[in-house]
Novice: 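Sending over a structure as structure tokens; questions will come in a sec.
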Amino acid sequence: MESRVLSSGATTISGVTRLTKPAARISTVAVSSPARLNANGGNLVWGRQLRPSLLNLDYSSAVPVVTKTLKRDVLKPCPATASDSTGDAAAPVGFFAKYPFLVTGFFFFMWYFLNVIFNILNKKIYNYFPYPYFVSVIHLLVGVVYCLGSWTVGLPKRAPIDSNLLKLLIPVGFCHALGHVTSNVSFAAVAVSFTHTVKALEPFFNAAASQFILGQSIPITLWLSLAPVVIGVSMASLTELSFNWLGFTSAMISNISFTYRSIYSKKAMTDMDSTNLYAYISIIALLFCIPPAAILEGPQLLKYGLNDAIAKVGMTKFISDLFWVGMFYHLYNQIATNTLERVAPLTHAVGNVLKRVFVIGFSIIVFGNKISTQTAIGTSIAIAGVAIYSLIKAKIEEEKRVS
């Protein structure tokens, strides 16, 4: 039995059975000179077609081991390897990957849309519930709850934070809280269009802080471009029908606060993604906003503030308005950050100016604010000055980046 089984693959010499490997599995080559093997010949990758010249193989040498002519199997590149060698040229390109400008345009649209809706709804709330400190807390609270929920489901995954980064982010969060609260105090006191006109002075404070605090040299062209901003805001303020000092000074304090936020943000540069970073800043800012809201407005809210608001619009609308204004605030800030990451500084500058124009224009239309001719001219001059400043600054930053 055993002899019959082995006889198909054996050769008998002098009556002794000797096993040999099946001929179909033997492929013998002779190396003419082992010392001439290519150094990279050992790094073989599955699926790659090997060229004999790389290994200096000689297929013409006859070695009398196999008496049957064998067919040499040639390794052919698999489809995955072929696509790798052509840079994934065969991979299908999605619609949005083919037209990225549509995605960027959608981000800009959502940024403007959410910003306009936030400002309009925010002002409507102040018309029947004039408590800006409490509303500021609601803005941040809704955003923090949104971030915590996103972290819970892993969209995005929460980035770890250590004590050193936390110490750097605390000043950023404080300035963010102060700027946010004072902006809302101004929104509650004067027309939305006037607050945004005054906040157009923010580039002036940024330039001043860079020059005199950070010690950076500001080109004369940037300073000259800020002159129309100062003149335009002054003209608009002198004839603004809703002008009061509380609204004006609050907007100015907001400008200073956001300027220092930018300064501290530069000191707290980190590799953390913008979504997680903004979430941590919002949490810190919320903790700073709660005490003044409780001290300055808490007794009034408990005594008659909340009851008056519910009596005017009802419990359902009151809670709904507070929830949605907080959601719009968080989303427009988050989408603004994501939008600015997709575009060049020049596009960012133009987009930021156009956003302010949209907010001012829509607020005047929706609320029917009456403005004088001088206020309209002053606002236009200020916006034009901001546009010129932003374009010059973006060009300077682009030149620095290239060099």
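One is the number of the first residue; the rest follow in order along the sequence.
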Novice: Please check if atom CH2 in Trp324 has more than 12 non-hydrogen atoms from other residues, nucleotides or ligands closer than 6.0 Å.
Specialist: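 Counting neighbours around CH2 of Trp324, 12 or fewer heavy atoms of other residues, nucleotides or ligands fall under 6.0 Å, so no.
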Novice: For Ile218, is there any backbone N or O sitting under 3.5 Å from a side-chain donor or acceptor partner on Gln211?
Specialist: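 Yes: the side chain of Gln211 pairs with the backbone of Ile218.
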Novice: Taking Thr375 for the side chain and Ile371 for the main chain, is one N or O donor matched with an acceptor at less than 3.5 Å?
Specialist: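 Side chain of Thr375 to backbone of Ile371: no pair is present.
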Novice: Assess, by modelled atom type and distance only, whether the side chains of Ser363 and Lys123 contain a donor and an acceptor separated by less than 3.5 Å.
Specialist: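 The answer is no; no qualifying pair exists.
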Novice: When you measure from the side chain of Asn333 to the backbone of Tyr329, do you find a donor-acceptor pair of N or O atoms at a distance under 3.5 Å?
Specialist: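 Yes; judged by distance alone, with no hydrogens or angles, the pair exists.
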Novice: Give a yes or no on whether the backbone of Phe118 and the side-chain of Asn122 come within a donor-acceptor separation of less than 3.5 Å.
Specialist: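 Judged by distance alone, no pair lies under 3.5 Å.
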Novice: Aromatic ring centroids of Tyr278 and His330 under 6.0 Å?
Specialist: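 Yes, the ring centres sit under 6.0 Å apart.
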Novice: Only one of Val230, Asn255, Val386, Val233 clears side chain to side chain contact (heavy atoms under 4.5 Å, CB included) with Phe204; which?
Specialist: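 The residue from Val230, Asn255, Val386, Val233 that satisfies side chain to side chain contact (heavy atoms under 4.5 Å, CB included) with Phe204 turns out to be Val230.
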Novice: If you count every heavy atom of other residues, nucleotides or ligands that lies below 6.0 Å from Phe113 atom CZ, does the total exceed 12?
Specialist: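 Count not over threshold, so no.
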Novice: Would you say Ser320's side chain and Thr316's backbone share a donor-acceptor pair under 3.5 angstrom?
Specialist: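 Answer holds: no.
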Novice: Could you check, using the six-membered ring where one of them is a Trp, whether Phe243 and Phe194 have ring centers closer than 6.0 angstrom?
Specialist: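 Yes, ring centres under 6.0 Å apart.
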Novice: Is the closest side-chain donor-acceptor distance between Ser262 and Thr259 under 3.5 Å?
Specialist: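 Not at all, the side chains of Ser262 and Thr259 share no donor-acceptor pair under 3.5 Å.
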Novice: Between Asn276 (side chain) and Lys157 (backbone), is there a donor-acceptor pair under 3.5 Å?
Specialist: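 Here the side-chain-to-backbone pair exists.
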Novice: Can Asn184 and Tyr131 be counted as having a side-chain donor-acceptor contact under 3.5 angstrom?
Specialist: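 No pair is found: no donor N or O on one side chain lies under 3.5 Å from an acceptor on the other.
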Novice: Ring centroid separation for Phe134 and His139, is it under 6.0 angstrom?
Specialist: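 No; His139 has its ring centre 6.0 Å or more from that of Phe134.
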Novice: Is it the case that Ser250 and Ser186 place a side-chain donor and acceptor less than 3.5 Å from each other?
Specialist: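 No pair is found: no donor N or O on one side chain lies under 3.5 Å from an acceptor on the other.
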Novice: Is it true that a side-chain atom of Asp308 and a backbone atom of Phe129 form a donor plus acceptor pair closer than 3.5 Å?
Specialist: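 Such a contact is absent between Asp308 side chain and Phe129 backbone.
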Novice: Could you tell me whether the side chain of Tyr133 and the main chain of Pro291 form a donor-acceptor pair under 3.5 Å?
Specialist: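 Not at all, since once roles are kept as given, no pair shorter than 3.5 Å links the two residues.
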